[in-house]
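Quick one: the structure is below, questions incoming.
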Amino acid sequence: MQILLRNKHFESKKRLTFTLKLKTFPYLCTRKTKYILLSMKQNIRNIAIIAHVDHGKTTLVDKMLLAGNLFRDNQQTGELMLDNNELERERGITILSKNVSINYKDTKINIIDTPGHSDFGGEVERVLNMADGCLLLVDAFEGPMPQTRFVLQKALQIGLKPIVVINKVDKPNCRPEEVYEMVFDLMCDLDATEDQLDFPVIYGSAKQGWMGSDWQTPTDNIFYLLDQILEHIPAPEQLEGTPQMLITSLDYSTYTGRIAVGRVHRGTLKEGMAITIVHRDGSKEKTKIKELHTFTGMGHQKIDAVNSGDICAIIGLSNFEIGDTICDADEPEALPTISIDEPTMSMLFTINDSPFFGKEGRWCTSRHIHERLMKELEKNLALRVDIPDGYTDRWIVSGRGVLHLSVLIETMRREGYELQVGQPQVIYKEVNGVRCEPIEELTINVPEEFASKMIDMVTRRKGEMTSMESQGDRVNIEFLIPSRGIIGLRTNVLTASQGEAIMAHRYKEYQPYKGEIVRRISGSMIALESGTAFAYAINNLQDRGKFFIEPQTEVYAGQVVGEHIHENDLVINVTKNKQLTNMRASGSDEKARIIPATILSLEEALEYIKEDEYVEVTPKSMRMRKILLDHLERKRAGRE
């Protein structure tokens with residue numbers, strides 16, 4: 001680091017350049033020079049971008065990266081650069097939090113992009129520890145939504161200074177002024193301090209690439225936002241003493257292995273330094289830092305030392321987990337570990353034992369699945385894995401919701417794993433001797449004519465309406481509903497509202513058990529024999545219900561091939577072919593008119609199955625089946 005000094009003891013009285021190394025500067029510098037050096041080191045801002053899903057977080061980060069001149073003028077950057085995971089791009093959501101940095105006006109701004117779904121709340125909670133302030137994005141039409149409340153509550157509890165960005169002001173029917181009032185009321189409800197309530201408000205459109213102080217006068221860049229970050233987000237405090245860093249995230253490189261990511265809380269970390277890792281359980285382990293990296297742009301840059309307040313990646317550590325503390329080798333002093341909300345939903349994972357076992361997957365055995373789940377636990381803090389007594393091929397996997405668990409299943413499927421999963425179950429708790437279940441806040445935004453259908457549908461699932469508010473020709477309805485009632489609700493809501501409904505929910509608290517909920521009335525149509533499904537058989541069975549398979553699909557006995565129109569299950573033979581004869585008759589050979597099959601997504605299949613059914617997941621296909629495949633065995637079990 002170079003500093004220009006004027007010193008009266010030098011005869012020439014010229015400005016001289018000193019290169020001061022960290023270990024020598026206490027002896028070479030006067031108090032004034034030390035202050036200059038400190039202020040130069042601390043030109044850093046750490047911000048987290050938080051919002052409800054689809055309010056424009058990742059798009060805004062794209063524009064900030066462009067404003068930081070990270071790319072050549074002729075470089076093709078594309079959209080949603082941070083959503084680089086295949087699943088994230090397909091679904092259009094952020095699943096994993098990411099760190100990037102830009103340089104603006106000689107200040108390094110570390111940006112943390114966070115997921116918006118409350119199912120991935122574990123990601124949000126741990127990365128907020130690295131930030132000194134947050135950008136709260138709110139849609140100018142929708143206003144604060146359930147997840148807005150969830151992520152903002154976490155940020156305010158930690159004590160972060162918020163900057164409110166009202167995004168998408170280019171939308172027709174937007175209401176920025178009303179939304180600003182709603183955000184202020186929300187912060188008051190969440191017990192924000194006076195300093196936090198004195199937040200700056202920025203209006204703009206991330207998609208169109210502008211931010212300004214007035215939503216009615218668009219600008220042509222987002223520099224106003226960056227200036228507000230420099231002005232209102234505090235620089236991290238410089239804490240002297242022995243080094244301390246809480247590991248808040250994990251990265252992985254095929255060359256260097258696991259990488260620990262976190263913010264240096266106190267002191268200075270240096271390359272080659274001897275350190276102690278204090279694990280979550282209190283045990284200590286001495287090791288050495290091989291390499292230190294800081295985040296520069298969208299990548300890493302090797303560096304000799306990192307001071308307190310900056311976010312860094314440490315390479316060369318072998319045995320560590322999220323929540324561990326990296327501290328001084330001689331005087332280890334641990335930081336408080338990360339606390340994450342408990343999971344609310346569980347699912348049974350088991351090996352694939354269907355007749356089609358091993359045909360498509362690469363990893364099929366219990367050992368492979370167990371190792372993969374243990375690996376997931378290292379970086380997915382909100383996940384829990386338990387093995388039932390007496391079993392080696394079953395795991396009870398608990399998470400924040402169906403989406404949280406289905407993303408894990410989908411990731412495993414794409415990696416080449418074959419497995420089967422059971423019906424999602426909520427996790428009950430005993431509170432003061434009373435059986436309690438998780439309750440969620442549900443918000444449904446629909447056109448007025450569908451409001452009564454929504455209320456009827458939710459109240460049948462033990463939901464209670466808490467508020468109803470008109471917004472133009474649409475209605476915003478809020479409910480408190482058991483988590484059990486939300487399973488399978490989205491499909492019914494979209495069908496009843498002709499696809500117009502916008503639905504969001506988040507976990508609120510545990511309340512006493514609300515009673516039995518009927519989840520699915522209709523029965524299943526089950527294949528009687530293994531073989532190839534024929535159009536001839538499907539055509540003659542179409543009046544019995546809707547099918548999930550197309551003709552020429554390979555099926556096995558016990559596979560759920562359709563939904564019965566009545567409550568009971570129906571065993572059918574879809575492998576029956578037309579018997580060919582040499583007799584001819586005019587008009588007897590009618591063309592089969594097959595209604596297109598209903599193809600369920602993974603989440604829809606998980607919500608659709610009954611207690612006696614599994615979803616079989618393989619890299620190329622997804623099937624629903626009965627746990628007991630044999631028809632006679634199911635009859636015997638039903639009698640018992």
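Everything numeric here is computed off the predicted structure, so don't read it as measured data.
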Less than 4.0 angstrom from a charged side-chain N to a carboxylate O is my criterion; do Glu410 and Arg413 meet it?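 Here Glu410 pairs with Arg413 in a salt bridge, since their nearest N and O are under 4.0 Å apart.
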Just wondering, are more than 12 heavy atoms of other shown residues or ligands nearer than 6.0 Å to CD in Glu509?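 Atom CD in Glu509 is crowded, with more than 12 foreign heavy atoms closer than 6.0 Å.
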Donor-acceptor contact present, side-chain Glu441 to main-chain Lys508, <3.5 Å: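 Looks like no, no N/O pair under 3.5 Å.
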Determine the interplanar angle of the Tyr417 and Trp363 rings, folded into 0 to 90°, and report it as parallel if under 30°, tilted if 30 to 60°, perpendicular if over 60°.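 The arrangement is tilted - the two ring planes meet at 30° to 60°.
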Does a sphere of radius 6.0 Å around NZ in Lys576 hold more than 12 heavy atoms from other residues, nucleotides or ligands, not counting ones at 6.0 Å or beyond?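 Atom NZ in Lys576 is not packed in, count stays at 12 or less.
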Considering residues, nucleotides and ligands other than Arg544, do more than 12 of their heavy atoms fall under 6.0 Å from its CZ?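 No, because the 6.0 Å sphere around CZ of Arg544 holds 12 heavy atoms or fewer from other groups.
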Is it the case that Gln552 and Glu550 place a side-chain donor and acceptor less than 3.5 Å from each other?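 Judged by distance alone, the side chains do not pair up.
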Between Glu478 and Thr443, does any side-chain donor sit less than 3.5 Å from a side-chain acceptor?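 No, Thr443 and Glu478 have no side-chain donor paired with an acceptor closer than 3.5 Å.
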Test item: Asn167 side-chain N/O and Asp139 main-chain N/O as donor-acceptor pair under 3.5 Å: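 No, because the side chain of Asn167 does not come within donor-acceptor range (under 3.5 Å) of the backbone of Asp139.
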Only one of Glu440, Glu437, Glu607, Glu516 forms a salt bridge (Lys or Arg N to Asp or Glu O under 4.0 Å) with Arg484, so which one is it?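 That would be Glu437; it is the only one of Glu440, Glu437, Glu607, Glu516 passing the salt bridge (Lys or Arg N to Asp or Glu O under 4.0 Å) with Arg484.
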State whether Phe141 and Lys171 meet the cation-pi test: NZ (Lys) or CZ (Arg) under 6.0 Å from the six-membered ring centroid, and within 45° of the perpendicular axis.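 Not satisfied by the 6.0 Å and 45° rule.
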Where is the tightest heavy-atom contact between Ser524 and Val560, given as atom of each residue plus distance?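 That would be CB-CG1, 3.9 Å.
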Closer than 3.5 angstrom, by distance alone: can the side chain of Glu563 be matched with the main-chain N or O of Phe548 as a donor-acceptor pair?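 Between the backbone of Phe548 and the side chain of Glu563 there is no qualifying donor-acceptor contact (under 3.5 Å).
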Please tell me whether Thr618 and Glu418 have a donor and an acceptor in their side chains that are separated by less than 3.5 angstrom.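 Per modelled atom types, Thr618 and Glu418 side chains form no pair under 3.5 Å.
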Distance-only polar pair, side chains of Arg623 and Ser621, donor-acceptor under 3.5 Å: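 Per modelled atom types, Arg623 and Ser621 side chains form a pair under 3.5 Å.
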Considering all heavy atoms of both residues, which atom of His404 and which atom of Ala382 are nearest to each other, and what is their separation?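 His404 and Ala382 have their closest heavy atoms at CE1-CB, 3.9 Å.
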Atom CZ of Arg280 with >12 non-hydrogen neighbours under 6.0 angstrom: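 For Arg280, atom CZ is crowded (more than 12 foreign heavy atoms under 6.0 Å).
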To the nearest 0.5 Å, how far apart are CZ in Arg461 and CD1 in Ile481?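 Rounded to the nearest 0.5 Å, the CZ-CD1 separation comes out at 7.0 Å.
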Looking at every heavy atom in both Val426 and Ser483, which two are closest together, and how far apart are they?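 Taking every non-hydrogen atom into account, CG1-CB, 3.7 Å.
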Taking NZ, NE, NH1 and NH2 as the nitrogens, is one of them in Asp353 or Arg625 under 4.0 Å from a carboxylate oxygen of the other?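 A salt bridge links Asp353 with Arg625.
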Heavy atoms of other groups near Arg362 CZ, more than 12 under 6.0 Å: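 Counting neighbours around CZ of Arg362, 12 or fewer heavy atoms of other residues, nucleotides or ligands fall under 6.0 Å, so no.
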Give a yes or no answer on whether the side chain of Ser406 reaches the backbone of Glu603 with a donor-acceptor pair at less than 3.5 Å.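 Not at all, since once roles are kept as given, no pair shorter than 3.5 Å links the two residues.
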Is it the case that more than 12 heavy atoms not belonging to Glu430 sit under 6.0 Å from its CD atom?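 For Glu430, atom CD is crowded (more than 12 foreign heavy atoms under 6.0 Å).
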Do Asn445 and Glu142 have a side chain donor and acceptor closer than 3.5 Å?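 Checked: Asn445/Glu142 side chains show no N/O donor-acceptor pair below 3.5 Å.
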For residues Leu628 and Ala637, report the shortest heavy-atom separation together with the two atoms involved.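 Answer, listing the atom of Leu628 first, then Ala637: CD1-CB, 3.8 Å.
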Does Tyr391, at its OH atom, have more than 12 non-hydrogen atoms belonging to other residues, nucleotides or ligands within less than 6.0 Å?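 Atom OH in Tyr391 is not crowded, with 12 or fewer foreign heavy atoms closer than 6.0 Å.
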